[in-house]
Amino acid sequence: MKALDARRACAVVEARLGRPVQDSLEAAVVLEAWCGLQAREAIDRGRKLIGHVGAPAPRRRHIEEQETSGRSAMAEGMSLVLAILAVAMWASPLNSMLGAAVWDTAVRIALPLTFALQWILWSRHLSKGEGLGSLRREGPAGIVGLAAIAALLVSLGDAGAVAALLLVTWTSGTVLMSRGWGLLYALVLASVGLGLGFELDPFALLVGAALFSIAAVGAAVATSGPAASSTGGWVQALVVGVIGAGLGALLVTDHTIGWGFYGALPALALIPSAVGGLWGGRYLSSVHVELPRALRETPVARADKVDLGGPGLVILAGAILRLTLGTAVLSGLCMLVSPWTSGTIATSLFVGFGCLALATLFVSLLVSLGRMTWALVAVSAAVLVEVWVELPAALAQPGSGLVAGGVIASIIAIPPLVKLFLRPGRALATAVWIA
Amino acid sequence: MVPIDTSIRPPRAPSRSARPGARVLLITEGTYPHVIGGVSSWCDLLIDGIPEIHWQVLPIVAASDRDRRSFEVPAHAELLPSIDLWSGDAPPRKRRPGKANAALASTLVRTLIGWDGDHQALIDALVWCRRHPDGVRSAFRSRRGWEQFLRALQEVLAEQTHGSAPAPELDTVEAATLYQTLYWVARTASTPTPETDLLHVTCAGWAAVPALVHKAIHGTPILLTEHGVYVRESYLAAARSRSAPGQRFVSTRLARGLALATYAAADVISPVSEANAKWAVAMGVDPAKVKVIHNGIGEPEQPQPLPDTATVVAIGRIDPLKDVHTMLRVAVEVLERLPHARFLYYGPSSPEQEAYAKSCEDLHRQLGLDERFKFMGSTRDVTGALHAADMLLMTSISEGLPMGILEALAQGRPVVATSVGGVPEVLRGCGIVAPPCDVHAIAVATTTILSDPALASRLGKRGHQRVARRFTKETCLGGYRELFGHMTTHLVAA
């Protein structure tokens, strides 16, 4: 080897690498590891042969396909629909057994609290892949916290007690669905519905459902794999919880929707927007894969360019389209079958839930990209509009409050999202990949 | 070439031993106490063997390894919360960040990725991160931060230097990946370190980042112990990878930048082998700063006789650096001559090397080795594994001073190994070395030992004597005690 001149040494190194050498250190490493040169000599030779190196290796398309798993999407969607249907089955019997006022108040308390806890769980654990593992670490503290909230609610009387049981059951559902046990959860809810149909004690059934759900959560968490990441911060989780509570509040502060008086209808009318939201949300989550895939061949010099037809905006538009389409088609179907199911025919209710789903999509995207302030502002403004702005009687249709709130939240949330995704390279580097 | 003083002799009477109660912050990277391996065993030996020191252990780990615990940290050592890389979580925020430092990412790319990075500018940027931990995230999420980074990166890519070929084109995703990596460097720098008397860094890579900052702020000396050579191993991994040129460029340049910064800041560098010392000096380290301390193992017992079953044992992770492919091919050649020979490979495959482990299994199948070459998985009973061995085989393309070889010699087992890192200096007179990747030479050496029991026994005995003389735990710990004593004299003076 010592007899080799720099040109031949370069040829030897390139033959070993199968490509042009990158720098003198790479040459030195190859000369030492595969040609038996001592470190000092290898480094000296490496420096000398760099002058003989040709052009860098041509770019070749780097294949690193990360297919999104659509496997669980269908199961998740089915579980969600089953869960909503099961809860809808509860509404009418509980309404008559407990009294409309108790049931209505319980739902109005439980929904925002459930949303808040679900979003906290999502922020702190479930958004991180193997988040159930990290939830296991906080299991005891979580149970104490949930018990404290439940105890506080129970002290409010019958409506509070029912709200506590709903809160425990629904929050558990989030964990079970995340574990892929959504079908089991839906079966539990359906069993309660059947029990109510047979006029069994409603409190006993709700307590049973809550206890079973908690036990199932324990099993789900205990049997999940180890956590791959640390938990999110508490401050951030609490802010996210407030945003979730705000979205829940949007649902219950619209007084054109009566959760007790109209029995199962509001719950059933949720299905189209829930499924549409799930479809749109699933597509939007592909931004983590599609954005880098689309930017693979974009040179650094163009990394910060505005791109109106770029992947970010295309994905955002695709998600909106899916949500709208899914909600519209399923809402139409619901209205078509309503004469046979005693369902609602109020188009405005479906539009209201659709607007809420759209607002939820935008707000959750803002949260996942770390734009907390915008998300908080959007939700707060929506709740304020819904609570404080008195709609003229002519406009006060079922769900009109939701329409107003959802539109306001969307109007506030869209500009920062569009601004971010106009430059997809920047969006990837500064928002998608830096939490 | 300037001669290197690599002589750390066993202390006769410790003229300057570790000051009792002195605090040493041991910073590890992907090893102790989370992951089993040679470096982790060395950390365990050091902490256990020098109990008069108050050890503070700061692990830097990939988030996926955080919940693994392979070593119990003894009572006289304090395990600090780990720095979890790539966790995907926002850092905890204590107060509102001030004005974002838009120049942070661009400074890091110039100083770490540029060929001639400004060491002081790098240190200043890292110190800024420590002083403004709440500003790191906002700096990297800011529009101006990204714009300035892109400009700086394009300057770096356009650099014309004597040491480097023209840089490859990078695409936006590679630029964003580098941006994210530098964000994690900044977050590592921002993590607080406790008051301490000596910073002991276990590799010239990420583990050095907290130490660089601590030294810049408090003046605490840095001791660097390199087992492999970080920058060399990064380049080796890149040379063997099939990744895109841009990815290779970024990963190797970052390793080089971190290594150079560590070499510049370290007060003493104690590689585990003379070969590694030569690398450090060739990379520009002042030879006066280099003190080799060989690894050591417990006092070897009287070795058991060789079982004479033609059993070849290998110990090591299933990793490209161990070149298991070559070992499989060696096995084929040996088995052609000695069909009754058996190969047992003890060692885990890490989650990061799943593809490589799979390629080894595929090759094993292709070569039709069946039961004659077995992957035995991880073992904690290395001694037991070696008792059943007639010899140890190692085909690595990079090593520091492998504990597996020391263990084998202590058990009186002859060794055939590749001439990499500190291997030749350990095996001098008691084993056979062959060039890396040279299947035929390694196979001939293996066959020679397996078919000549007298030679095997003689080499085994010599190895046993050599370990007892040069590579004992006491010699190793004595070397570190002496270094700790030297490096904490400022405390006595104070």
| If you look at every heavy atom in A:V300 and B:L150, which pair is closest and at what distance? | CG1-CD2, 3.9 Å
| task | Using distance alone, with no hydrogens and no angle criterion, decide if A:Q22 and B:S164 have a side-chain donor and acceptor under 3.5 Å apart. | result | no
| With only heavy atoms counted, which part of A:L295 is less than 4.5 Å from chain B, the side chain, the backbone, both or neither? | both
| query | Using a cut-off of under 4.5 Å for heavy-atom pairs, which of B:W279, B:F140, B:Y179 has the most such pairs with chain A? | reply | B:W279
| message | A side-chain contact here means heavy atoms from C-beta on lying under 4.5 Å apart; do B:R248 and A:R19 qualify? | response | yes
| request: Identify which part of A:L420 has an atom lying under 4.5 Å from any heavy atom of chain B, answering side chain, backbone, both or neither. | output: neither
| query | B:V231 versus chain A, heavy atoms under 4.5 Å apart: side chain, backbone, both or neither? | reply | side chain
| field | Residue among B:G145, B:A239, B:A105, B:A238 with most heavy-atom pairs under 4.5 Å to chain A | value | B:A239
| Taking C-beta and beyond as the side chain, do B:F249 and A:D23 meet within less than 4.5 Å on heavy atoms? | no
| field | Under 4.5 Å from any heavy atom of chain A - which part of B:R256 | value | side chain
| Relative to chain A, which segment of B:T177 carries a heavy atom at a distance below 4.5 Å: side chain, backbone, both, or neither? | both
| message | Can you confirm whether A:W374 is buried at CH2, in the sense that more than 12 heavy atoms of other residues, nucleotides or ligands lie under 6.0 Å from that atom? | response | no
| remark: Heavy-atom nearest pair, A:A429 first then B:W146, reads CB-CZ3, 3.2 Å
| said: Strictly distance-based, threshold 3.5 Å: is any side-chain N or O of B:T172 a donor or acceptor partner for the main-chain N or O of A:T298? | reply: yes
| message | Quick check: closest heavy atoms across A:T430 and B:S142, and the distance to 0.1 Å? | response | CG2-O, 4.0 Å
| said: Please check this pair: side chain of B:R141 against backbone of A:I434, looking for a donor-acceptor N/O pair closer than 3.5 Å. | reply: yes
| note | With chain B, the option among A:R302, A:R423, A:E32 that has the most non-hydrogen atom pairs under 4.5 Å is A:E32
| Measuring heavy-atom distances to chain A, does B:A175 have an atom under 4.5 Å in its side chain, in its backbone, in both, or in neither? | side chain
| Side chain, backbone, both or neither: which part of A:A301 has a non-hydrogen atom closer than 4.5 Å to chain B? | both
| query | Which atoms of B:L178 come close to chain A, meaning under 4.5 Å heavy atom to heavy atom: side chain ones, backbone ones, both, or neither? | reply | neither
